[in-house]
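For reference, the structure discussed in these notes is given below.
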Amino acid sequence: SGTGAPLQWHSAISCTDIICCVLFMLIIAGYMVVGVLAWLYGDPRHVLYPRNSTGMFCGVGQNNDKPNLMYFDIIKCATATNIMAAALQGLQCPTTQVCVKTCPSEFWILPPSAHFPGAKPADFFNQDYCVPSFQLKDTKYVTMDIVNKELCPLFYMPTTSVLGRCLPSLGGNAYNPSNLPSNFTLPGLDVNGTLAAIRNATGDVTNSFNIKDVGLRIFEDFAKSWQWIVAGLVIAMVVIVLFLLLLRFTAPVLVWVLIIGVLAVGAFGIWYCYNEYMSLASSSLSFSNVGLTTNVQVYLQVRDTWLAFCESTVFCLALGHMMSTLFYPIVTFVLLLVCVSYWGITALYLATSGAPVYKVVAMNTSQGDCSVIRANETCDPEMFNTTQYPTCPSARCVFINYNTEGLFQRNLFNLQIYNVFAFLWCVNFVIALGHCTLAGAFGSYYWAFSKPADIPTFPLIQSFMRALRYHVGSLAFGALILTLVQMVRIILEYLDHKFKEAQNPCTRFIMCCLKCCFWCLEKFIKFINRNAYIMIAIYGKNFCVSAKNAFSLLMRNIIRVVVLDKVTDLLLFFGKLLVVGGVGVLAFFFFSGRIQTPGTTFETAALNYYWMPIITVVFGAYLIAHGFFSVYNMGVDTLFLCFLEDLERNDGSPEKPYFMSKNLMKILNKKNKAPKTS
């Protein structure tokens with residue numbers, strides 16, 4: 001290769017930013033220690049499964065066949081504004097709770113005949129809804145004793161299982177006064193009063209849980225249609241790969257194809273919306289007509305626009321010699337998935353760290369003398385027995401919260417902050433590693449004087465190993481700077497949410513300005529980091545020097561930078577719109593039942609919300625398009641920086657020949673001079 005190539009390609013390089021590399025390794029080691037401690041002390045079952053009154057989990061262990069939690073008297077739960085929030089915090093409703101196989105599906109209340117002499121409790125109560133340790137067939141208690149001791153419920157009503165809790169759904173017709181049984185009245189209340197009591201006690205609860213119920217229905221839809229969702233995402237990936245391959249041969253022509261395709265997708269949207277609008281012609285609502293005009297010709301009048309198109313073509317030629325780069329986003333996705341999973345699992349285990357604390361609680365203080373229960377009296381649910389409190393038959397051993405004693409438990413909040421910080425640093429490092437790896441691979445193509453003869457073998461793998469061997473410190477340095485800014489933004493969002501109601505207009509204005517400034521700062525740092533990683537991959541220098549050199553090089557060519565950035569953004573924007581819009585239209589027709597696939601048994605009528613698979617396919621198609629197009633964008637940026645370096649370092653002489661492609665030389669009226677013959 002010629003002497004004008006960067007030193008990285010033909011001389012030894014050394015490790016960069018070693019101090020930051022050591023610091024990053026220490027943070028990773030600490031992150032692993034935090035994960036191990038969280039795993040040792042945490043128990044996610046506290047959040048994933050409901051507990052009965054004795055602290056046993058429903059749906060696991062001896063209650064494996066009883067996944068649902070039933071409340072004896074749901075009205076007493078009104079003391080907790082939100083059952084879900086209370087359950088997640090370890091709180092319990094002051095009523096007996098038992099694990100059941102299925103939630104009650106009908107109204108029932110203990111009839112007056114149950115109090116007649118000789119009445120057998122087994123003829124009235126349902127054993128499945130009673131305390132497991134209490135057996136109706138062997139009891140000597142009369143019905144009132146059973147109710148007072150809360151061994152069996154006095155009444156129950158139609159409920160549905162929401163996240164394992166049996167809760168009434170007040171949105172249906174079951175709780176209309178006309179549908180409520182005449183004998184279903186609480187003591188001292190008529191039918192309307194009973195219904196009002198139920199609504200008052202469970203209104204806020206069920207409203208929050210109805211949202212969760214929607215989530216369960218959505219998951220049910222995913223379970224029914226996941227194969228077709230995956231098929232839609234595969235179609236999106238195939239279309240994107242074909243699109244990138246076509247760019248290799250018809251980059252300028254494909255721009256017009258993209259424009260026409262986007263307009264076609266937009267025309268379909270307009271046509272469909274117009275039909276829907278006409279179907280609602282009798283409605284009193286109206287909308288203003290909004291026009292949008294795009295003048296593409298203005299880009300074609302700029303000479304450097306065609307330079308940008310040529311850069312795109314050069315990238316596609318490089319892509320043809322390094323097809324493996326097209327699938328590198330899968331590596332990044334897997335690494336990011338590992339980071340997200342580790343963070344989520346660690347956060348869950350940290351949130352449930354500490355031994356559970358149980359205390360003796362009187363479920364009904366109006367019955368008996370419950371003063372024998374000492375304040376904050378702890379208990380063991382496995383050993384607890386109500387006979388220990390004969391004067392207080394409603395005494396129960398109830399789970400209260402998690403133990404906060406000990407050094408580890410007292411620092412859970414700090415450990416959660418550390419968890420977030422380490423997570424952001426790891427995510428930013430993975431993204432930086434991807435940028436540097438792709439930049440090194442594309443740089444090896446550009447600085448190969450004789451293409452493809454001088455292109456290294458397995459350039460992507462070599463670039464990946466080179467980044468891990470020499471530049472972990474530099475990549476971690478750039479990722480750390482970005483992480484610090486993101487942490488500041490998170491703190492600002494937290495403070496804004498925490499003190500939103502107490503803010504006056506002045507503080508809100510200052511907070512808004514701070515959030516805006518740090519958002520802009522984050523965008524600027526991402527821009528600097530991206531180009532710094534390219535220079536690190538090319539020259540092998542540390543982060544600060546690479547960032548300075550990249551920024552100076554771009555500022556010396558600011559006009560070309562702006563034109564290339566806008567043209568590339570336009571091309572990728574149209575590409576994403578075409579792929580996402582096309583796949584979205586196809587998903588809409590399929591999941592809405594407007595088209596049928598021969599030989600399939602999928603029925604759209606079985607879906608609760610057919611639009612959720614459509615949204616999933618569209619969102620997934622966008623992520624796939626973004627992942628693949630990020631390779632394209634990184635390739636263009638890398639080749640562009642290499643091109644600018646080539647112009648400044650070389651002059652076409654035999655000693656300093658240009659490394660750019662012949663197409664670029666032709667546009668710029670450049671050429672390499674032939675060596676003089678003696």
May I have the list of side-chain donor-acceptor pairs in residues 485-495 shorter than 3.5 Å, sequence neighbours left out?
{"residue": "Gln486", "atom": "OE1", "partner": "Asn428", "partner atom": "ND2", "Å": "3.0"}
{"residue": "Gln486", "atom": "NE2", "partner": "Glu522", "partner atom": "OE2", "Å": "3.1"}
{"residue": "Arg489", "atom": "NH1", "partner": "Glu522", "partner atom": "OE1", "Å": "2.5"}

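Annotation: side chain of Cys58 is not in contact with side chain of Lys66 (no heavy-atom distance under 4.5 Å). At least one side-chain heavy atom of Asn63 sits under 4.5 Å from a side-chain heavy atom of Asn52. Tyr31 is listed as a side-chain neighbour of Asn419, based on a closest heavy-atom distance under 4.5 Å. In this structure, Met25 and Val472 have side chains that are in contact, with non-hydrogen atoms separated by less than 4.5 Å. Leu438 has its side chain within reach of Val631: a pair of non-hydrogen atoms, C-beta onward, lies under 4.5 Å apart. Proximity of Leu433 to Leu468: side-chain heavy atoms (C-beta onward) are separated by under 4.5 Å at one or more points. Side chains of Ile28 and Trp425 form no contact here, defined as non-hydrogen atoms less than 4.5 Å apart. The shortest side-chain heavy-atom distance between Cys339 and Val430 falls under the 4.5 Å cut-off.
Tyr622 pairs by the ring-ring contact (aromatic ring centres under 6.0 Å, His included) definition with nothing, not counting sequence neighbours. In this structure, the salt bridge (charged side-chain N to carboxylate O under 4.0 Å, His left out) partners of Asp637, at least two apart in sequence or on a different chain, are Arg530.
Closest non-hydrogen pair, Gly434 versus Thr332, comes out as CA-OG1, 4.4 Å. Here the closest non-hydrogen pair linking Cys15 and Ile18 is CB-CG1, 4.1 Å. Here the closest non-hydrogen pair linking Gly440 and Ser463 is CA-OG, 3.3 Å. Residues Ser546 and Ala532 share a closest heavy-atom pair of CB-O, 3.6 Å. Residue Ile27 comes nearest to Ala422 through the heavy atom pair CG2-CB, 4.2 Å, listed as atom of the first residue, atom of the second, then distance. Here the closest heavy-atom approach between residue Leu233 and residue Val617 is recorded as CD2-O, 3.7 Å.
For the atom pair Ile534 CD1 and Phe442 CZ, the distance stands at 10.5 Å (nearest 0.5 Å). Here Thr437 contributes atom OG1 and Met465 contributes atom CE; the two are 10.0 Å apart, rounded to the nearest 0.5 Å. Between atom NZ of residue Lys541 and atom OG of residue Ser14 there is a gap of 11.0 Å, rounded to the nearest 0.5 Å. To the nearest 0.5 Å, atom CG of residue Leu521 and atom CG of residue Leu482 are 9.0 Å apart. With rounding to the nearest 0.5 Å, the separation of NZ in Lys515 from SG in Cys520 is 13.0 Å. In this structure, the separation between CZ on Phe429 and SG on Cys436 is 9.5 Å, given to the nearest 0.5 Å.
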Open item on the list: Run Ser161 and Asn68 through side chain to side chain donor-acceptor pair (under 3.5 Å) and show every step you take.
Closed with: CA-CA 7 Å; Ser161 177; Asn68 303 305; 2.6 Å; yes
- [ ] Output, in order, the C-alpha distance, side-chain angles, deciding distance and verdict of side chain to side chain contact (heavy atoms under 4.5 Å, CB included) for Val338 and Ser341.
- [x] CA-CA 5 Å; Val338 171; Ser341 301; 5.9 Å; no
- [ ] Would you please test Leu350 and Tyr418 for side chain to side chain contact (heavy atoms under 4.5 Å, CB included) and show each step?
- [x] CA-CA 11 Å; Leu350 284 175; Tyr418 183 88; over 6 Å; no
TODO: List the steps and the verdict of side chain to side chain contact (heavy atoms under 4.5 Å, CB included) for Cys426 and Trp343.
DONE: CA-CA 10 Å; Cys426 290; Trp343 166 78; over 6 Å; no
- [ ] With side chain to side chain contact (heavy atoms under 4.5 Å, CB included) as the test, would you mind laying out the steps for Thr346 and Gln416 before giving the verdict?
- [x] CA-CA 9 Å; Thr346 302; Gln416 288 285 18; over 6 Å; no
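Heavy atoms from other residues, nucleotides or ligands lying under 6.0 Å from CZ of Phe421 number more than 12. Crowding of Ile19 atom CD1: a count of heavy atoms from other residues, nucleotides or ligands under 6.0 Å not exceeding 12. The environment of Phe333 atom CZ is sparse: at most 12 non-hydrogen atoms of other residues, nucleotides or ligands sit within 6.0 angstrom.
Of the possible donor and acceptor atoms, one in the side chain of Asn549 sits under 3.5 Å from a partner among the backbone N and O of Val545.
For Phe423 and Tyr342, the distance between ring centers is not under 6.0 angstrom. Under the 6.0 Å cut-off for aromatic ring centres, Tyr349 and Tyr41 do not qualify, their centroids lying 6.0 Å or more apart.
Using bins of under 30°, 30° to 60° and over 60° for the plane-to-plane angle, the ring pair Tyr533/His435 lands in the tilted bin.
Among Asn529, Thr16, Leu475, the one residue that satisfies the side chain to side chain contact (heavy atoms under 4.5 Å, CB included) test with Phe543 is Asn529.
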